[in-house]
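Position 1 is the first residue of the sequence, and the numbers go up from there.
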Amino acid sequence: MPIVATQIVSIFLAVLYTFLALGSCAVPPPAPVLAVQTEIPREVTHARRLNILSSRGEESHALIRAAGLFMEDHPDSLITVRTISEESDYRSALRARLLGGEQIDLFHIFGHADMIELLEHLDDLSDLGWADEATAGLTHPVRIDGRLYGLPHSLDGVGLIANRRIFEAAGVPLGEITSLEQTEGAFRALREVMTSGALDSVFPNLETVTSLPGLDDDFMSRQLADIALGGEFTSSEQAVNAASIAYLNADPMGLYLAMLARYTTHGRGWAMLVDIPQSEQVENGLAAERVAIIQQSISIFPRLNAANPDLAGDLALLPIFLDDEEPGMVYIHSPVYWAVNASSQDESRALARDFLTWLYRSESGASFLAQEMGLLSPFREAAAPRDNPLDTQLLALIGRGQYHPRRHREFPAGWPAQFSGAIRDYLTILEVDWEEVTERGREDWFYIRSSSWEPGIEGW
């Protein structure tokens with residue numbers, strides 16, 4: 001059958017896209033590049049060049065626009081942006097490109113263990129004096145021997161996100177919660193009002209107090225792991241090297257998890273929890289006002305706002321209480337860190353610093369970061385405001401010292417997955433009690449660290 005003109009055009013476009021995506025690298029990445037910005041021709045005799053490899057697919061187009069704005073003010077600069085969104089694919093592609101000698105000048109690393117593995121490729125960023133102005137603790141994972149090898153990309157935090165209007169309509173004050181016991185008391189009081197039917201006319205969709213998304217891996221293996229081991233380690237380095245865990249939060253963590261389970265199912269059995277995806281917790285839960293309060297990261301705000309714009313002003317961020325004698329905590333981290341290639345040319349390394357300084361320190365860059373990229377800057381002195389009511393509440397809790405750094409990236413490879421597997425067994429198998437879950441956690445940690453762990457092994 002002859003090939004028609006439209007087929008020829010389609011084939012040409014497919015080949016062209018593949019060529020652009022793979023670029024001219026010596027070692028092609030194992031995953032397709034999701035966003036590409038090629039160099040923009042300019043009337044210059046000499047240009048500084050910066051090649052960026054980003055892992056943040058959701059920000060790819062915004063990062064390209066940011067590079068364009070920077071180049072408008074710096075006409076001697078040429079910036080190329082490529083994005084690979086899946087973390088495992090990104091890690092493999094980055095290593096292949098670095099080992100292949102490709103010029104990748106500015107890229108992402110994922111924490112302390114990643115820094116250790118790639119240390120020979122990382123430029124010391126200690127000369128960026130403003131990096132010390134980051135939210136306390138955010139730069140700890142990328143420091144070693146007094147040197148700074150990464151710059152925090154943004155600030156995120158995990159806590160309890162509540163629909164304030166629902167609790168107010170039920171006469172349940174959120175501001176008076178100061179313990180796990182009082183948290184459960186608020187949950188219980190709300191459920192009693194819901195059961196009475198007093199909220200039916202105002203919130204006809206309201207079904208449960210909370211939602212535990214047992215099908216969501218981020219929630220089960222990372223968020224819960226960070227809460228379970230919150231405060232266990234004084235530094236990222238200690239977490240990376242710990243041969244065992246004391247698991248000091250084991251008992252209160254069990255009580256907290258059981259509370260979430262009880263007020264999700266309302267007597268319908270915990271086994272159903274492992275079938276709940278994150279969308280049922282976020283868009284179809286909190287945003288749809290079927291659920292009153294959830295444990296989640298504040299980074300879900302754009303999803304909530306898109307699903308229900310009227311909800312934004314009614315959102316409250318509460319800390320998570322485990323120990324009745326200790327203040328409640330939120331759990332903070334930077335999702336990724338910017339790193340500069342130590343092997344890049346001097347002018348490219350200088351341009352990487354100039355671009356980061358513009359993005360985080362200049363008025364135009366900080367505004368773009370907040371409004372167009374939708375990120376909470378870790379550098380509060382120069383940060384621009386965002387239309388996210390959870391930001392202010394998170395920063396207030398941080399200011400009061402009510403936070404733990406998230407360290408799941410420094411836990412043993414595979415341990416968070418085993419931790420979540422033990423919790424799923426606890427929720428679905430009657431014979432598995434919480435004591436067994438915690439004992440498995442201790443044993444799995446010790447076994448992985450004692451049998452196979454070495455700094456810098458692939459997968460960390």
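Atom CG of L155 is separated from atom CZ of F379 by 10.5 Å, given to the nearest 0.5 angstrom. Put simply, CE on M253 and CD1 on I227 are 5.5 Å apart, with the number rounded to the nearest 0.5 Å. Note: I294 CD1 to L286 CG = 4.5 Å, rounded to the nearest 0.5 Å. Expressed to the nearest 0.5 Å, how far OG of S364 lies from CG of D73 amounts to 6.0 Å. Taken to the nearest 0.5 Å, the CG atom of L351 stands 5.5 Å off from the CD1 atom of I79. Atom CD of residue E410 and atom CG of residue L229 lie 12.5 Å apart, to the nearest 0.5 angstrom.
The two residues A312 and N305 come nearest to each other via the heavy atoms CB-OD1, 3.8 Å. When all heavy atoms are compared, the tightest approach of L427 to A261 is CD2-CB, 4.4 Å. Considering every non-hydrogen atom in both P152 and P378, the closest pair reads O-CG, 3.6 Å. When every heavy atom of A228 is checked against every heavy atom of N249, the shortest pair comes out as O-CB, 3.2 Å. Taking every heavy atom of both residues into account, T210 and I293 meet most closely at OG1-O, 2.7 Å. Shortest non-hydrogen contact noted between A287 and A307 is CB-CB, 3.7 Å.
There is no side-chain donor-acceptor pair under 3.5 Å between Q371 and S367. For the residue pair T135/R380, the side-chain donor-acceptor check at 3.5 Å is not satisfied. Side-chain contact annotation: S55 with H108, donor-acceptor N/O pair under 3.5 Å present. No hydrogens or angles considered: nothing links the side chains of Q278 and D218 as a donor-acceptor pair under 3.5 Å. Judged purely by distance below 3.5 Å, without hydrogens or angles, the side chains of T178 and Q182 pair a donor atom with an acceptor atom. Looking only at atom types and distance, the side chain of Q295 has a donor-acceptor partner in the side chain of Y256 under 3.5 Å away. Using modelled atom types and a 3.5 Å distance limit, the side chains of D105 and Q103 yield a donor-acceptor pair.
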TODO: Take Y337 and H153, measure what side-chain contact (heavy atoms from CB on, under 4.5 Å) needs, and give me the verdict at the end.
DONE: CA-CA 5 Å; Y337 291 84; H153 165 275; over 6 Å; no

Open item on the list: side chain to side chain donor-acceptor pair (under 3.5 Å) for Q238 and T234? Distances and angles first, verdict last.
Closed with: CA-CA 7 Å; Q238 185 186 30; T234 58; 3.1 Å; yes

- [ ] With side-chain contact (heavy atoms from CB on, under 4.5 Å) as the test, would you mind laying out the steps for L53 and Y90 before giving the verdict?
- [x] CA-CA 9 Å; L53 186 63; Y90 180 87; 3.6 Å; yes

Open item on the list: Apply side-chain contact (heavy atoms from CB on, under 4.5 Å) to residues I144 and M115 and explain how you reach the verdict.
Closed with: CA-CA 9 Å; I144 189 170; M115 176 194 68; 3.9 Å; yes

TODO: Evaluate side-chain contact (heavy atoms from CB on, under 4.5 Å) for V158 paired with I332, printing each intermediate quantity in order.
DONE: CA-CA 6 Å; V158 171; I332 68 168; over 6 Å; no

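Using a distance-only test at 3.5 Å, with no hydrogens or angles considered, a donor-acceptor pair links the side chain of T438 to the main chain of E435. S60 contributes no side-chain N or O that, together with a main-chain N or O of R56, makes up a donor-acceptor pair within less than 3.5 Å. Checking side-chain atoms of T183 against main-chain N and O of S179 turns up a donor-acceptor pair under 3.5 Å. Q393 places a side-chain N or O within donor-acceptor distance of the main-chain N or O of L315, the cut-off being under 3.5 Å. Using modelled atom types, no side-chain atom of Q296 and backbone atom of G159 make a donor-acceptor pair closer than 3.5 Å. Side-chain atoms of R49 do not come within 3.5 Å of backbone N or O of L78 as any donor-acceptor pair. When atom types are taken as modelled, the side chain of R147 and the backbone of S126 share no donor-acceptor pair closer than 3.5 angstrom. A donor-acceptor contact shorter than 3.5 Å links the side chain of S334 to the backbone of S154. The main-chain N or O of R407 is found under 3.5 Å from a side-chain atom of D226 such that the two form a donor-acceptor pair. Not a single donor-acceptor pair under 3.5 Å links the side chain of D216 to the backbone N or O of P277.
Between E87 and R409, at least one side-chain N (NZ, or NE/NH1/NH2) sits under 4.0 Å from a carboxylate O, which counts as a salt bridge. A salt bridge links R48 to D354: at least one charged side-chain nitrogen sits closer than 4.0 Å to a carboxylate oxygen. With respect to E117 and R95, a salt bridge is recorded, a charged nitrogen being found less than 4.0 Å from a carboxylate O. Under a 4.0 Å N-O distance rule, the pair R165/D314 qualifies as a salt bridge. A salt bridge is absent between R440 and E443: the closest approach of a Lys/Arg side-chain nitrogen to an acidic carboxylate oxygen does not fall below 4.0 angstrom. Under 4.0 Å is where a charged nitrogen must lie from a carboxylate oxygen, and between R143 and E237 no such pair does. Salt-bridge formation is detected for the pair R353/D127: a Lys NZ or Arg NE/NH1/NH2 atom is positioned less than 4.0 Å from an Asp or Glu carboxylate oxygen.
Put simply, the side chain of Q402 reaches to within 4.5 Å of the side chain of P327, judged on heavy atoms. Side chains of I166 and L190 form a contact here, defined as non-hydrogen atoms less than 4.5 Å apart. In this structure the side chain of V142 never reaches within 4.5 angstrom of the side chain of H112, judged on heavy atoms. R97 is listed as a side-chain neighbour of R82, based on a closest heavy-atom distance under 4.5 Å. Put simply, the side chain of N51 does not reach to within 4.5 Å of the side chain of L106, judged on heavy atoms. Proximity of Y149 to D123: side-chain heavy atoms (C-beta onward) are nowhere separated by under 4.5 Å. Looking at V81 and T83, their side chains come closer than 4.5 Å, going by heavy atoms from C-beta outward. Contact check for L94 versus E102: no side-chain heavy atoms found under the 4.5 Å cut-off.
Under the side-chain contact (heavy atoms from CB on, under 4.5 Å) test applied with L375, the options N388, L359, L369 reduce to a single match, L369.
Applying the side-chain contact (heavy atoms from CB on, under 4.5 Å) rule to E133 yields the partners W130, R361, E381; only residues at least two apart in sequence or on another chain are considered. In this view, W415 and F411, F419, W445 satisfy the ring pair (Phe, Tyr, Trp, His ring centres under 6.0 Å) rule, not counting sequence neighbours. Residues satisfying the side-chain contact (heavy atoms from CB on, under 4.5 Å) test with P173, not counting sequence neighbours, are E176.
Relative ring orientation between W338 and F355 is described as perpendicular, the plane-to-plane angle rising above 60° on a 0-90° scale split at 30° and 60°. Below 30°, between 30° and 60°, or above 60°: for W358 and F368 the angle between ring planes is between 30° and 60°, a tilted geometry.
When the shell of 6.0 Å around OH of Y247 is examined, it contains more than 12 heavy atoms from other residues, nucleotides or ligands.
Between W270 and Y426, the gap from one ring centroid to the other is short of 6.0 Å.
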